[in-house]
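All remarks here apply to the structure that follows.
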Amino acid sequence: MDETSLRALLERAVADEPPTGPIVASSVAAGLRLRRRRRIRASVACASFAAVIVAVAVAVPANRTGPRPAPASPVSAPPTLYVASSDHNGAGAVTPISAGTGAVGLPIETGESDSIISTPDGRTVFVFDQRSGSVREISTVARTAGRPIKVKPWPVAMAITPDGKTLYVASAGNYHGPGWVTPISVATGQAEQPISVDGSPTSMVITPDGKMLYVISTTAGMLTPISLAGGHAEPAIRVYGISDSSGWMAVTPDSKTLYLSNFARGEVTPITVATGQAGPPIKGAGPGPGPMVITPDGKTLYVLDVGGPSRTVTPITVATNTARSPITVGEAPAALAITPDGKTLYVGDAAGTVTPISVATDTAGPPITVAQELDEIVVTPDSKRAYVLSYNGTVTPIVTATNTAEQPILIADAVDGGMVLAP
Amino acid sequence: MTASVEEFTEFAAGAAARLRRTAFLLCGNWHTAEDLTQTTLARMFVSWRRISRQEAVYAYASRTLVNAYLADRRRRRGREVLTGWLPETAVEPRTCEVRMVVLDALATLPPKMRVVVVMRYWADLSVEQVADLLGCSTGNVKSQSARGLDKLRAILEEDGTQAGLREKRDSTNG
């Protein structure tokens with residue numbers, strides 16, 4: 001058999017091709033879900049302790065060679081939003097926006113940025129660039145970006161410990177071998193010995209008590225716990241049905257339970273942090289459970305259905321791990337955020353509306369119109385404003401007291417690096 | 001819809017059919033092929049603004065598809081029972097029979113060898129391109145290619161599929 005006849009055989013093998021589904025539209029929808037998941041991944045690590053963060057402005061210059069001194073006298077000031085964007089020439093910047101006045105500051109040149117995260121004190125913001133496999137540290141005081149810090153190839157997620165001392169960067173490697181988690185000292189900017197994990201990581205979260213880090217590798221179907229005190233990976237937990245379209249995680253504020261939404265199997269899996277044991281899967285959160293958020297009091301887990309036409313967010317009672325009645329939201333829900341005071345859940349959708357939901361009554365209010373192609377939502381620590389980032393390059397403030405949108409703030413032609421709120 | 005989404009939609013509309021057929025030859029069923037194609041395009045959508053600046057967009061698509069296929073194989077490993085013989089197939093018309101025999105023969109190849117064969121002889125990639133795609137040496141691609149062809153030849157000649165193909169070609173030409 002020569003190459004020509006093999007080619008002819010292969011042609012005949014695909015000859016009876018059945019009609020295709022709406023593959024382009026479904027790919028765009030799946031791509032949007034992946035983008036949003038990346039944003040959620042970066043923000044989830046901070047979300048659970050955001051409520052207790054006190055907004056401070058720190059007038060201390062960046063110190064790249066050793067630990068930074070503590071601020072002498074913290075001064076209350078509004079937090080700052082940092083939005084990562086890239087232009088078509090491969091350049092990128094992080095743009096600061098005052099969360100109090102909406103004033104846009106001068107962009108900080110960073111090179112390409114695929115994700116962004118802030119330390120709990122807001123003094124340092126990190127971005128990573130997948131293509132170069134590097135992380136950049138940005139001093140929010142000096143408004144300058146440091147040199148690239150090399151990590152393992154193809155970084156996919158970041159998480160920072162609650163004490164703000166260590167940044168962890170998960171890398172997918174080459175998708176054929178193991179994945180990696182690289183610790184980076186926030187004080188010195190030095191990368192430490194990477195930790196090997198099974199498969200290629202796609203998502204990562206740190207428990208609020210700062211003791212454990214969990215890495216999901218969808219290629220291996222594994223959830224790997226890493227003890228942060230010991231700096232080593234513990235035996236991985238196999239989670240069936242994890243696919244590239246799933247992998248969202250949320251941890252209760254008491255750090256006792258990790259929830260994993262399993263998009264492919266249409267369920268949410270509770271995992272006891274102390275034992276690493278998975279409990280019975282929770283059904284009833286829609287056909288495609290996606291991003292999740294837990295109320296600051298730890299009583300309710302909200303799960304967004306991003307897998308079907310149900311257009312719902314489902315509350316789950318944490319004490320019993322049972323789903324309550326789903327709440328209808330806008331078409332193609334994409335992102336959710338809860339106010340730190342625990343009163344309101346905001347759910348944004350791709351069509352460009354944000355639905356406010358009363359946490360006390362699980363009822364939805366009138367939708368708020370924002371820009372289309374919604375990416376993510378963050379809420380200020382004082383719960384007074386929510387900010388909505390859209391891929392079209394705008395940030396829309398929402399006044400939470402009245403649930404009304406203010407004038408959108410234009411950042412760039414398009415934004416695909418995410419947004420973070422630095423106290 | 002932003003310009004980059006429009007651009008991506010245009011690319012995906014043009015590339016989807018070819019990707020789906022390649023995925024089918026890699027995995028052997030159309031449902032998984034559609035899933036792999038969607039995964040490939042979705043991953044490309046996420047970084048489209050960056051990818052679209054590169055010259056070799058289709059090469060990027062091939063790499064992403066192969067990565068998705070190999071990852072899918074790894075996930076399925078342990079949940080499927082591998083056997084050393086081919087499954088019996090139902091009696092079907094000749095055209096379907098050829099298709100089934102070819103797919104069954106491809107299914108006997110290990111995943112990476114199957115990638116090499118499909119990408120070399122279906123997607124028309126060079127030895128160097130396949131080596132780059134799999135992150136291995138050109139020598140490795142050549143040896144996998146030769147072993148894959150040998151294996152397919154042995155199965156297909158035993159089955160007589162090639163003879164049937166030759167007869168059909170001859171009758172078409174004649």
Side-chain angles (χ1 to χ4, degrees), chain A residues 1-18 20-21 23-35 37-38 86-90 112 114 130-131 172 174-177 199-200 218-221 238 240-245 372-373 391-393 413-414 416, chain B residues 1-5 8-9 12-13 16-17 20-22 24-25 30 34-35 37-50 52-53 67-68 70-71 74-75 79 95-96 98-103 105-106 117-118 120-122 124 134-135 149 152-153 156-157 161-162 165-166 169:
Chain A
M1 180 178 64
D2 59 14
E3 295 175 11
T4 308
S5 55
L6 174 58
R7 189 164 285 119
L9 285 171
L10 295 176
E11 289 282 357
R12 289 182 67 181
V14 298
D16 295 335
E17 182 179 6
T20 182
I23 202 161
V24 174
S26 57
S27 298
V28 170
L32 284 168
R33 284 199 299 270
L34 284 173
R35 273 183 175 178
R37 189 184 64 184
R38 195 172 63 193
S86 302
D87 67 19
H88 288 285
N89 300 315
E112 294 208 6
D114 294 292
Q130 288 189 322
R131 192 163 55 170
N174 61 9
Y175 285 99
H176 299 305
S200 302
T218 55
T219 55
R238 178 169 288 281
Y240 290 102
I242 296 180
S243 73
D244 282 321
S245 297
Q372 288 191 358
E373 292 190 68
Y391 287 115
N392 70 356
D413 289 341
D416 55 9
Chain B
M1 188 182 283
T2 62
S4 65
V5 176
F8 172 81
T9 304
R20 184 169 174 253
R21 288 178 201 134
T22 306
F24 173 70
L25 290 174
W30 287 109
E34 186 132 344
D35 284 348
T37 306
Q38 181 181 309
T39 299
T40 299
L41 291 173
R43 284 181 182 171
M44 292 184 74
F45 177 84
V46 171
S47 306
W48 177 248
R49 293 178 68 234
R50 171 180 303 162
S52 62
R53 292 197 294 270
N67 282 337
L70 292 174
R74 279 194 293 272
R75 273 200 297 272
R79 279 183 275 161
T95 50
C96 290
V98 172
R99 181 172 65 85
M100 293 302 293
V101 170
V102 172
L103 290 176
L106 282 172
V117 168
V118 171
R120 286 278 290 121
Y121 303 115
W122 160 260
D124 285 330
L134 285 172
L149 275 177
L152 290 179
R153 184 181 296 121
L156 296 174
E157 285 182 351
T161 302
Q162 282 194 87
L165 183 71
R166 274 196 296 274
R169 197 166 51 216

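Throughout, a chain's letter reflects where its sequence line sits, starting with A, and its residues are numbered from 1.
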- Message: Just to verify, what does B/Thr40 make a side chain to side chain donor-acceptor pair (under 3.5 Å) with, not counting sequence neighbours?
- Response: none

- Note on the structure: Heavy-atom closest pair (A/Ala13 atom, B/Phe24 atom, distance to 0.1 Å) is O-CE2, 3.2 Å

- Message: As an exercise: rank B/Val118, B/Val117, B/Asp124 by heavy-atom pairs under 4.5 Å with chain A and give me the winner.
- Response: B/Asp124

- Under 4.5 Å heavy-atom distance to chain A, tell me which part of B/Trp122 shows up: side chain, backbone, both or neither. both

- Message: Checking the side chain of A/Arg7 only, and the main-chain atoms of B/Tyr121 only, is there a donor and an acceptor separated by less than 3.5 Å?
- Response: yes

- With the side chain counted from C-beta on, respond yes when A/Leu10 and B/Leu106 share a heavy-atom pair under 4.5 Å apart, and no when they do not. yes

- Query: Yes or no on side-chain contact (heavy atoms from CB on, under 4.5 Å) for B/Thr22 and A/Val14, after CA distance, side-chain angles and deciding distance?
  - Reply: CA-CA 9 Å; B/Thr22 306; A/Val14 298; over 6 Å; no

- Pairing residues for A/Glu11 by the salt bridge (charged side-chain N to carboxylate O under 4.0 Å, His left out) criterion, not counting sequence neighbours: none

